[in-house]
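Report on one structure; see the data block that follows.
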Amino acid sequence: MGKEKKLVSEITSRDVDFAQWFTDICTKAELIDYSTVKGFTIMRPYGQAIWENITKSLDDKFKKTGHENVAMPMLIPESLLQKEKDHVKGFAPEVAWVTHGGNEKLEERLCIRPTSETLFCDHWAHVLQTYRQLPMKYNQWCSVVRWEKTTRPFLRGREFFWQEGHTIHETPDEAKAETLQMLDIYADFYEKELNMPIIKGQKTESEKFAGAEATYTIEAMMHDGKALQSCTSHYFGDGFARAYEVKFADRNNGISYPFQTSWGISTRSIGAIIMSHGDDDGLILPPAIAPFQIVIIPIAQHKEGVLEKAAELKTRLESAYRVKLDDSDNSAGWKFSQYEMKGVPVRLEIGPKDIENNQCVLVRRDNREKIVVSLDNLLAEVAKVLEDLQRSIYQNAKANLDARTQSLNTMEEIIAASQAKDGFIKTLWCGSEECEKQMKEQAGLSSRCMPFGEQDNLEGVCPVCGKKASHRVIWGKAY
RNA sequence: CGGGAUGUGGCUCAGUUUGGUAGAGCGCUGCGUUCGGGACGCAGAGGCCGCAAGUUCGAAUCUUGUCAUCCCGACCA
């Protein structure tokens, strides 16, 4: 009965089989169910509640920075998709097509949106007339379809839910600033609310979004050392605007094309939460997005006064937190395990002995520490525990990131390191696509990003070709 | 799209080698006793064995086809 005893036997151990562990959590914590169509999942109430908390938080931030929500159609005519050639090339292989309406074959087939740049451009071409209307800063919450060959819950589905922001601006500088502002909002959200350390950077040419001039990314490291691209923010220049003929009368009464951005975060972020914080007993949810931050478990609840007291505590806590009281017939032990599996940050136990002593027991999900607290300063104690838990899970993830990140100079070192364990490898790079290809072939690594703030002091050579370096790149294996 | 595996109550699986009309554990329903780390007893419900042809007196079991899922690679929020 040591501390090491695994309480939740249904979940595969994380170190035995990380992929299986991940899938187990997705289903056992009741986040999702598989649907009958491959690659499509059903978001169950608990998973959806997490996603809703994510959307609420971000939607608020988007609105505070002047963005408006819209709703675009789900279908894109083939001819519309075709207008920007890089974009088509990037997405055409993985779109789903609608070819019939009822029994009638359509004149032109329609694709289910894989992303909505083309739709936004088409719309803007209709409504934009003057620089006075700029900027237009739009966002939509929706799902998109990409016909992926291999799929995994949250990480890669044929349909996934996300938010896509699309903006147009009068000047390149303004659009670039928007791109970076949104990246910062995401970064801040990941760090402060999902309690995950992240790396901001720019994608290389070969990894950037189809049709973009520059793609910025947030890369996070999962517990197993693999990278997860956690969101992206793109600067398009006026490439799409020209292709779709989005024009406006500028300040000099000439015709100009606006400069454009797009940025998105998806339900993949839930995968990131699972793989960053979870342990062998299940999920560990960051309090900011947990469907409920506190679960109250009454002990010996049939006894006089216990349920009443539990309900009273619930009312008190609800002033500041999302709280669930489980007064179901299941045993206390069963409930303990159940909510550990679901990652509820704090458990509150209240039983006859506690009531006698005007106290309750708080148990932290991350380290299972049991804290006896007086009911008189319950709210303050809960606040302290939640704060500490956030700091603690962040630091654990940070420790993993640090332990698995190394700077290397030669191919021998890189190949040896990538075979030894998964993680991030930082190197100089000459900037050529060929060397990226070689890195993939020789070391099995893809470029994750060119991290911000680390593009100075580029004295040295590319480890692949030996030519003078022009960038510093983080390499890794990606989900 | 290549390589491998698997389809049997809600879930995990046994039964297939040697054809004879389907089982276990968990879960679920009802009642009672329990309740500070996944409780127990009793009584129940639930499956034309992925689908379709074929062989046979008879198919979960043999044959052929087909569909789906999972794992490993190549491609990707």
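Proteins come first, then strands; the chains are lettered A, B, ... in the order of their sequence lines, and each starts at number 1.
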Are there any protein N/O atoms within less than 3.5 Å of an N/O atom in nucleotides 27-34 of chain B, and if so, which ones and at what distance?
none

Is it true that A:Lys56 and A:Glu52 have a side-chain N and a carboxylate O under 4.0 angstrom from each other? no

Report which part of the nucleic acid A:Glu94 touches: base, sugar-phosphate, or nothing (heavy-atom distance under 4.0 Å, all strands). sugar-phosphate

Could you list the donor-acceptor pairs under 3.5 angstrom formed between side-chain atoms of residues 212-228 of chain A and any protein atom two or more places apart in sequence or on another chain?
| from | atom 1 | to | atom 2 | distance (Å) |
| --- | --- | --- | --- | --- |
| A:Thr215 | OG1 | A:Phe209 | N | 2.9 |
| A:Thr215 | OG1 | A:His234 | ND1 | 2.9 |
| A:Thr217 | OG1 | A:Glu219 | OE2 | 2.8 |
| A:Glu219 | OE1 | A:Arg448 | NE | 3.3 |
| A:Glu219 | OE2 | A:Lys203 | NZ | 2.9 |
| A:His223 | NE2 | A:Arg14 | NH1 | 3.3 |
| A:His223 | NE2 | A:Arg14 | NH2 | 3.4 |
| A:Asp224 | OD1 | A:Lys226 | N | 3.1 |
| A:Asp224 | OD2 | A:Tyr479 | OH | 2.6 |

Whole-angstrom distance between B:rG38 and B:rG25, as gauged at atom C1': 16 Å

Measure from the side-chain heavy atoms of A:Arg146 and tell me the nearest of B:rA77, B:rG73, B:rG38. B:rA77

Atom C1', compared across B:rG30 and B:rA22: separation rounded to whole Å: 26 Å

Under a 4.0 Å N-O cut-off, is there an ion pair linking A:Lys176 with A:Glu178? no

Return the value, rounded to whole Å, for the distance between atom CG of A:Leu307 and atom P of B:rG36. 15 Å

Distance check, C1' atoms only: B:rA43 and B:rA53, in whole angstrom units. 44 Å

Closer than 4.0 angstrom, basic N to acidic O: yes or no for A:Arg368 and A:Asp281? yes

Can you tell me the distance, in whole Å, between the CD atom of A:Glu148 and the C1' atom of B:rA74? 13 Å

Please work out which residues in residues 352-366 of chain A have a non-hydrogen atom less than 4.0 Å from an atom of RNA chain B and list them by number. A:Pro352, A:Lys353, A:Asp354, A:Val361

Quick one: label A:Gly157 by what it contacts on the DNA or RNA (base, sugar-phosphate, nothing), any heavy atom closer than 4.0 Å. base

B:rG38 base stacked by A:Phe336? Criteria: ring centres under 5.5 Å, plane angle under 30°. no

Under 3.5 Å on both distances, the Watson-Crick or G-U partner of B:rA74: none

Interatomic distance, A:Ile299 CD1 vs B:rG37 P [rounded to whole Å]: 8 Å

P spacing across the pair B:rC35 / B:rC40, given as an integer number of angstrom: 14 Å

Counting any heavy atom closer than 4.0 Å, what does A:Arg347 reach on the DNA or RNA strands: base, sugar-phosphate only, or nothing? base

Proximal nucleotide (of B:rA77, B:rC70, B:rC75) relative to the A:Tyr34 side chain: B:rC70

Validation row: A:Val145, A:Pro114 side chains within 4.5 angstrom (heavy atoms): no

Nearest-nucleotide 5' precedence on RNA chain B, A:Gln20 against A:Cys231: A:Gln20

Given the C1' atoms of B:rU63 and B:rG3, what is the spacing between them in whole Å? 25 Å

Separation of A:Gln229 atom CD from B:rA77 atom P, in whole Å? 6 Å

In this structure, how many angstroms lie between the P atom of B:rA77 and the CZ atom of A:Phe209, rounded? 9 Å

Nearest whole angstrom, please: distance from the P of B:rA77 to the OH of A:Tyr479. 16 Å

Reckon A:Ile265 touches a base, only the sugar-phosphate, or nothing at all at heavy-atom distances under 4.0 Å? nothing

Ion pair present between A:Asp422 and A:Lys477, side-chain N to carboxylate O less than 4.0 angstrom? yes

Counting side-chain heavy atoms from CB outward, which of B:rA74, B:rC35, B:rG38 is closest to A:Lys149? B:rA74

In Watson-Crick or G-U wobble terms, both distances under 3.5 Å, what is the partner of B:rC40? B:rG32

Which of B:rG36, B:rA77, B:rA74 is nearest the side chain of A:Thr150? It is B:rA74

Go through B:rG73, B:rA77, B:rG38 for me and flag the one nearest to the A:Gln338 side chain. B:rG38

Can you confirm whether A:Tyr46 sits close enough to A:Lys342 that some side-chain heavy atom of one is under 4.5 Å from a side-chain heavy atom of the other? yes

Does A:Arg268 or A:Thr23 map to a spot on RNA chain B nearer the 5' end, using the closest nucleotide for each? A:Thr23

Between A:Lys61 and A:Glu193, is there a side-chain N and carboxylate O pair less than 4.0 Å apart? yes

Please state how far atom CG in A:Leu155 lies from atom P in B:rC71, giving the value in whole angstrom units. 12 Å

At under 4.0 Å between heavy atoms, what does A:Lys370 touch on the DNA or RNA strands: base, sugar-phosphate, or nothing? base

Watson-Crick or G-U counterpart of B:rA5, or none if no pair lies under 3.5 Å: B:rU69

Can you confirm whether more than 12 heavy atoms, excluding those of A:Glu433, are under 6.0 Å from its CD atom? no

Could one point to a donor on the side chain of A:Glu340 or the base of B:rG38 with an acceptor on the other under 3.5 Å away? no

Within the 4.0 Å heavy-atom criterion, would you say A:Thr232 contacts the bases, only the backbone, or no part of the nucleic acid? nothing

What is the nucleic acid contact for A:Gly264, judged by heavy atoms within less than 4.0 Å: base, sugar-phosphate only, or nothing? nothing

Across all strands shown, which nucleotide pairs with B:rU12 by Watson-Crick or G-U wobble geometry, both distances under 3.5 Å? B:rA24

Starting at CD of A:Gln48, measure out to OG1 of A:Thr267 and round the result to the nearest 0.5 Å. 9.5 Å

Below 4.0 angstrom, N of the basic side chain to O of the carboxylate: do A:Lys309 and A:Glu312 qualify? yes

A:Lys303 NZ to B:rC35 P, straight-line distance once rounded to whole Å: 6 Å

Let's go through A:Trp334 and A:Phe336 carefully: what are the C-alpha distance in whole Å and the side-chain angles of both, what is the deciding distance for ring-ring contact (aromatic ring centres under 6.0 Å, His included) to 0.1 Å, and is it a yes or a no? CA-CA 5 Å; A:Trp334 184 89; A:Phe336 294 166; over 10 Å; no

